[in-house]
2 protein chains.
Amino acid sequence: MTSEELLALLAAIGHTQRLRIIGELAKGRVHVSELARRLSLSRPLLYMHLERLEKAGLVVGNLELSADGKAMKFIELAPFEVRVDVGTVLAVLREDEERAAADSGAQGSGGTTT
Amino acid sequence: MTSEELLALLAAIGHTQRLRIIGELAKGRVHVSELARRLSLSRPLLYMHLERLEKAGLVVGNLELSADGKAMKFIELAPFEVRVDVGTVLAVLREDEERAAADSGAQGSGGTTT
DNA sequence: CTCACCCGTAAGACAAGACTTACAGATGAA
DNA sequence: TTCATCTGTAAGTCTTGTCTTACGGGTGAG
């Protein structure tokens, strides 16, 4: 895991509204408008938060058609678990360095991959 | 743990520079100016980050006097470990509700405390 | 056709965070 | 005294993130 991924994840979870969203989704999948109603959030705002959560891989969205033919986007919580401690931090920093080294090393040859 | 505490912690760790700071401190305690030099950060900026880290309880600062009588603030990494998953989120949300309930319940009487 | 749902995005106001430059004070050494 | 260390903060800029308002289009029911 790179620092970029870790940061995306921490930033995604680290917000009051998004905690509430996760809390609500923990009860089960819901479509966007319904979710907005339950949390008293404007739909555009909710979209913004969902985008962030989705990018970090915390939720997954599925556009489906209901029985009466209306399009509905259902949001589902993706399982996640990260231990945050000194070891994790050191690990991502090391990963970053390795990637940087690999990138600069692969510039001339091109066969150093994997 | 309340959501406020969790958010402070996540926000504290969730930043590139602060990851680097933690990484450097993992090697051992350092005084501020030296730390700033190692990370190529301006001292005022480092102060800002340290303040955030300290508030979240991730680092501890100690003002000491060196052998030649100069004041030096040593920064030390505090042990920390948090598991971030759905359970954690639900736990802090529940904790929030309990606190809110306790606060509003204690307004009139004063004897309802646990 | 109008109403009540649903989807999605664009634009701009506003607040929070990150970062720089500049300052002020204290010590010991040359 | 002047220089090289260290401490700390205040002010202002710039960038990022949050949030609201205002649009656009689609479906089925009355």
Side-chain angles (χ1 to χ4, degrees), chain A residues 3-22 24-25 28-56 58-76, chain B residues 3-25 29-56 58-76:
Chain A
S3 68
E4 207 174 344
E5 294 172 294
L6 178 63
L7 291 176
L9 192 113
L10 295 180
I13 304 183
H15 191 271
T16 314
Q17 307 288 32
R18 293 194 283 267
L19 282 183
R20 292 177 64 217
I21 293 175
I22 294 175
E24 192 61 41
L25 287 176
R29 40 181 274 155
V30 199
H31 69 89
V32 179
S33 291
E34 172 64 16
L35 185 55
R37 245 173 279 139
R38 290 195 196 166
L39 299 173
S40 304
L41 291 180
S42 71
R43 220 159 32 83
L45 180 54
L46 179 56
Y47 264 80
M48 192 229 96
H49 287 305
L50 287 177
E51 197 179 338
R52 244 183 146 70
L53 288 169
E54 201 159 5
K55 268 187 190 165
L58 295 175
V59 306
V60 179
N62 263 66
L63 190 59
E64 303 174 11
L65 276 84
S66 66
D68 51 337
K70 288 183 180 163
M72 296 175 111
K73 185 173 188 180
F74 279 88
I75 310 295
E76 196 166 1
Chain B
S3 68
E4 206 175 345
E5 294 172 292
L6 178 64
L7 291 176
L9 193 113
L10 295 180
I13 302 183
H15 192 272
T16 314
Q17 308 289 32
R18 293 195 282 267
L19 281 184
R20 292 177 63 218
I21 294 175
I22 293 175
E24 192 61 41
L25 287 177
R29 38 181 275 154
V30 200
H31 68 89
V32 180
S33 292
E34 172 64 16
L35 185 57
R37 246 173 279 139
R38 290 194 196 167
L39 299 173
S40 304
L41 290 181
S42 71
R43 219 157 35 79
L45 180 55
L46 180 56
Y47 264 80
M48 193 229 95
H49 286 306
L50 288 178
E51 196 178 340
R52 242 181 147 71
L53 288 170
E54 202 160 4
K55 267 187 191 166
L58 295 175
V59 306
V60 178
N62 262 66
L63 189 59
E64 303 174 12
L65 277 84
S66 66
D68 51 337
K70 288 184 180 162
M72 297 176 111
K73 184 174 188 179
F74 279 88
I75 309 295
E76 197 166 1

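Reminder, nothing fancy here: chain letters follow the sequence lines and each chain counts from 1. The analysis underlying the following values was restricted to heavy atoms, covering all of them including side chains, and did not include hydrogens, waters or symmetry mates. Model, not experiment: these values are computed from the prediction.
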A/S33 and A/R37, any side-chain heavy atoms less than 4.5 Å apart:
yes
B/R37 side chain, from C-beta outward: closest of C/dG8, D/dT5, D/dG8:
D/dT5
Can you identify which nucleotide, out of C/dT9, C/dA18, D/dC6, has its nearest atom closest to the B/H31 side chain?
D/dC6
Can you tell me the distance, in whole Å, between the [atom1] atom of [X] and the [atom2] atom of [N]?
| X | N | atom1 | atom2 | result |
| --- | --- | --- | --- | --- |
| B/Y47 | D/dA11 | OH | P | 18 Å |
| A/L50 | D/dC19 | CG | C1' | 15 Å |
| B/E64 | D/dG8 | CD | C1' | 17 Å |
| A/L46 | C/dG8 | CG | P | 11 Å |
| A/M72 | C/dA4 | CE | C1' | 12 Å |
| A/L63 | C/dC6 | CG | P | 14 Å |
| B/L7 | D/dT18 | CG | P | 12 Å |

Using OP1 and OP2 only, check whether a side-chain N or O of B/S33 sits under 4.0 Å from D/dT7.
yes
Is there a side chain to side chain contact (heavy atoms under 4.5 Å, CB included) between A/Q17 and A/L39? Walk through the geometry before answering.
CA-CA 9 Å; A/Q17 307 288 32; A/L39 299 173; over 6 Å; no
Can you give me the closest heavy-atom contact between [X] and [Y], atom names plus distance?
| X | Y | answer |
| --- | --- | --- |
| A/I13 | B/L7 | O-CD2, 4.1 Å |
| B/A56 | B/A12 | CB-CB, 3.6 Å |
| B/E54 | B/G61 | OE2-N, 3.3 Å |
| A/L63 | A/A71 | CD1-CB, 4.4 Å |

Which letter, B, S or -, goes with each nucleotide of nucleotides 19-30 of chain C from 5' to 3', with contact meaning a protein heavy atom under 4.0 Å?
BBBB----BS--
The test is side chain to side chain contact (heavy atoms under 4.5 Å, CB included); show your working for A/I75 and A/V30 and say whether it passes.
CA-CA 6 Å; A/I75 310 295; A/V30 199; 5.9 Å; no
Assign B/L65 to base, sugar-phosphate, or nothing according to its heavy-atom contacts below 4.0 angstrom with the strands shown.
nothing
What pairs with A/R52 under side chain to side chain donor-acceptor pair (under 3.5 Å), at least two apart in sequence or on another chain?
none
Under 3.5 Å: donor-acceptor pair, side chain of B/R38, backbone of B/E24
no
Stem list, DNA chain C (Watson-Crick or G-U pairing under 3.5 Å, at least 3 consecutive pairs)
C:1-6 with D:25-30, C:8-30 with D:1-23
